[in-house]
Amino acid sequence: MLDLKEIRKNPDFFNKKLSDRNSKVDLKVLLELDKKNRELLTEKEKLEQEKKTISQKKDKSLFERSKKISIEIDEFSKKQTKTKNQIDTILNSLPNLAHDDVPVGSNETHNKEIKKVGEVPKFTFKTLSHSELGKKIGQMDFDMATKTSGARFVFLKDKLALLERAISNFMLDVHTKEFGYQEISPPLIVTDETMYGTGQLPKFESDQFEIKLEDDQSRKFLIPTAEVILTNMVRDSFLKKEDLPLRLVASTACFRKEAGSYGKDTKGMIRQHQFYKVELVSLVDPKNSLEELERMTNCAQEILKRLNLPYRVVLLCTGDMGFSAEKTYDLEVWIPSENKYREISSCSSCGQFQSRRMKAKFKNNNKDSVFLGTLNGSGLAIGRTLIAIMENYQQKDGSIIIPEVLRPYMDNKDRIS
RNA sequence: GGAGGGGUGGCUGAGCGGUUGAAAGCAUCGGUCUUGAAAACCGACAAUGGGGCAACUCAUUCGUGGGUUCGAAUCCCACCCCCUCCGCCA
């Protein structure tokens, strides 16, 4: 959520920054509602003051007046609540502003490649896609998943199942032991408030899996990413300055409807309803947000480097960033079967956008309470890492060499076949 | 599933119809003392929103939402959450 006070002070600036983000909103409407809201508040408060005075005087002759005031207050209050709700609806629909060093552009063609790392492999034989490889070795089964669960699911078996687990453990070990992230094993089901806190609701409800629980009036959802629950751990709370930066990592399943992507990436396990991901979250003094973003991106890159996977770093433009982000780096890994780089991690700084929604603060040195800076990034997506390893490490006979760093996690074997 | 107890400020915890925004303690900050630190003592210390764009001032907030009352943290109703005992399942 953007800061209404700041919008009030500088509407032109916000108008420009929002249009950079493809957000067509007329802030005039918002500001008029804001003005109306404050007028109603003032009226209401005047009446409340009078009522308070009467009750303190305990003068019976004024009691009738007080009753009338209560009714008037009620009327103002209803109007004011309605106006406030309209304001919130608009405010909730506005994306975060992009940081100044984010390139302005309407779509992914305006993203800026920062660097390429590693050599794209040159094969001397006809390569297979991960799904072809998986079928060939009999350890990846989409048909079985279709039978049991429907489209966009997969079964992994034997060594591929172990590989998935190995990737997860390897990543967790690096992030916890070397980069100082605290490991968390969180719930995978969250309340609607939690989904609201990180911005999945109300705007992106159609991509979320909702769960029905008996006798429970609140709505519950499967997490689309661990970002949701890790970040919301600090919702409605005050952290101490010495708690920061708070760095968290979790390896979880993620669930997405992928509504609106029908016909996109339908073959293989690039885009599934359920996938696993190692997620990094940092909660920081907002002054350090961008610095932390660089650090986090480096942590994620380190995984790719150690797996010896060719990748590139892309700075997303204003039009391609997620709703809550102020600046985002995507890491894209080389996928031979598609002959292109595909997203395997997305690291974002959200500034104070999420913490303002979540009411997550800390006291700084001047003992002012300040909204936290929040960041999240994949470190990395496990399914796509598995794909990348299969395809980049494939051999002529269809076997797959296991990257050295993973072998300790795979019974010290050096290949899958 | 049965029976009880409770949710109050950053934390612990009093208050149970009227200057209570809320005692006390802890934590934090400032000061005295000290070569420095600790201890001791003195003082400050809620959040959010409105107006003044500063001193300041007004309103709201005691799990959430309703209700009773001139007036509610305090009484009533519903819901959420936590704890203890019994039963049940591991």
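In the text below, chain A, chain B and the rest are named by the order of the sequence lines, each starting its count at 1.
Lys51(A) approaches Ser70(A) most closely through the heavy-atom pair NZ-OG, 3.2 Å. Smallest separation of non-hydrogen atoms from Thr328(A) and Leu315(A): O-CD1, 3.5 Å.
At most 12 non-hydrogen atoms from other residues, nucleotides or ligands lie less than 6.0 angstrom from CD of Glu291(A). In this structure, Lys305(A) places its NZ atom where more than 12 heavy-atom neighbours from other residues, nucleotides or ligands lie under 6.0 Å away. For Lys84(A), the NZ atom sits in a loose shell: 12 or fewer heavy atoms of surrounding residues, nucleotides or ligands are nearer than 6.0 Å.
Under the Watson-Crick and G-U wobble criteria, each requiring two contacts below 3.5 Å, nucleotide rG30(B) is paired to rC42(B). In this entry rA3(B) has rU84(B) as its Watson-Crick or G-U wobble partner, both defining distances falling under 3.5 Å. Base pairing analysis places rU35(B) opposite nothing; no Watson-Crick or G-U wobble pair with both distances below 3.5 Å involves it. rU74(B) is unpaired under the criterion used here, namely a Watson-Crick or G-U wobble arrangement in which both key atom distances are under 3.5 Å. The partner of rA47(B) is rU60(B), by the rule that a Watson-Crick or G-U pair needs both atom distances under 3.5 Å.
We find that CG of Leu47(A) is positioned 15 Å from C1' of rU60(B), with the value rounded to whole Å. Between the NZ atom of Lys52(A) and the P atom of rU20(B) there is a distance of 12 Å, given to the nearest Å. Going from atom NZ of Lys84(A) over to atom C1' of rU48(B) covers 11 Å, rounded to whole Å. The separation between Phe76(A) atom CZ and rA59(B) atom C1' is 15 Å, rounded to whole Å. In this structure, Lys79(A) atom NZ and rG50(B) atom P are separated by 20 Å, rounded to whole Å. Lys361(A) has its NZ atom 16 Å from the P atom of rG9(B), to the nearest Å. Here the C1' atom of nucleotide rA59(B) and the CD atom of Gln80(A) are 11 Å apart, to the nearest Å. Residue Lys359(A) contributes atom NZ, which lies 9 Å from atom C1' of rU48(B) at whole-angstrom precision.
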Decide salt bridge (Lys or Arg N to Asp or Glu O under 4.0 Å) for Arg219(A) and Glu210(A); before the verdict, give the C-alpha distance in whole Å, the side-chain angles of both, and the deciding distance to 0.1 Å. CA-CA 7 Å; Arg219(A) 309 176 68 195; Glu210(A) 186 170 354; 2.7 Å; yes
Take Ser282(A) and Met296(A) through the side-chain contact (heavy atoms from CB on, under 4.5 Å) test and state the conclusion after the steps. CA-CA 8 Å; Ser282(A) 294; Met296(A) 179 181 274; 3.5 Å; yes
For the pair Lys241(A) and Asp285(A), evaluate salt bridge (Lys or Arg N to Asp or Glu O under 4.0 Å) and give the outcome as yes or no after the intermediate values. CA-CA 8 Å; Lys241(A) 190 170 171 58; Asp285(A) 184 327; 3.6 Å; yes
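Taking atom P in both rG18(B) and rA72(B), one finds a spacing of 11 Å when rounded to whole Å. Comparing rG67(B) with rA59(B), their C1' atoms sit 23 Å apart, to the nearest whole Å. Annotation: rA22(B) and rC45(B) have their P atoms spaced 11 Å apart (nearest Å). Taking the P atom of each, rU61(B) and rG21(B) are spaced 11 Å apart, rounded to whole Å. Straight-line distance between the C1' atoms of rC33(B) and rG15(B): roughly 38 Å, to the nearest whole Å. For the P atoms, the distance from rA24(B) to rC42(B) is 13 Å, rounded to whole Å. When the P atom is used for both rU34(B) and rA14(B), the distance is 41 Å, rounded to whole Å. Spacing between rG17(B) and rG71(B) at atom C1', rounded to whole Å, works out to 8 Å.
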Pairs: protein N or O with nucleotides 62-72 of chain B N or O, under 3.5 Å:
from, atom 1, to, atom 2, distance (Å)
rC70(B), O2', Ser66(A), OG, 2.7

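As judged by a 4.0 angstrom heavy-atom cut-off over every strand, Lys5(A) is placed among residues touching the sugar-phosphate backbone only.
For an aromatic pair to be called close, the ring centres must be under 6.0 Å apart, and Phe323(A) with Phe353(A) satisfies this. Ring centroids of Phe255(A) and His273(A) are separated by 6.0 Å or more, keeping the two rings apart.
For residues 90-102 of chain A, the set of pairs meeting the side chain to side chain donor-acceptor pair (under 3.5 Å) definition, not counting sequence neighbours, comprises Lys17(A)-Asp100(A), Asn92(A)-Tyr196(A), His99(A)-Asp101(A), Asp101(A)-Lys327(A). Counting only residues at least two apart or on different chains, the side chain to side chain donor-acceptor pair (under 3.5 Å) pairs with a member in residues 152-169 of chain A are Ser168(A)-Ser251(A).
Taking every heavy atom of residues 228-236 of chain A and every atom of RNA chain B, no pair lies under 4.0 Å. Using a 4.0 Å cut-off on heavy atoms, the residues of residues 32-45 of chain A that approach RNA chain B are Arg38(A), Leu41(A), Thr42(A), Glu45(A), listed by number.
Both Glu48(A) and Phe238(A) lie close to RNA chain B; mapped to their nearest nucleotides by heavy-atom distance, the more 5′-ward contact belongs to Phe238(A).
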Please table the atom pairs, donor to acceptor, closer than 3.5 Å between any side-chain atom in residues 226-239 of chain A and protein atoms at least two apart or in another chain.
from, atom 1, to, atom 2, distance (Å)
Glu227(A), OE2, Gln354(A), NE2, 2.9
Glu227(A), OE2, Asn376(A), ND2, 3.3
Thr231(A), OG1, Glu227(A), O, 2.7
Asn232(A), OD1, Arg235(A), NE, 3.0
Asn232(A), ND2, Thr194(A), O, 2.8
Asn232(A), ND2, Thr198(A), OG1, 3.4
Asn232(A), ND2, Val228(A), O, 2.7
Arg235(A), NH2, Thr194(A), OG1, 3.0
Ser237(A), OG, Val234(A), O, 2.4

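Put simply, Arg8(A) has a side-chain N or O that comes within less than 4.0 Å of OP1 or OP2 on rG50(B).
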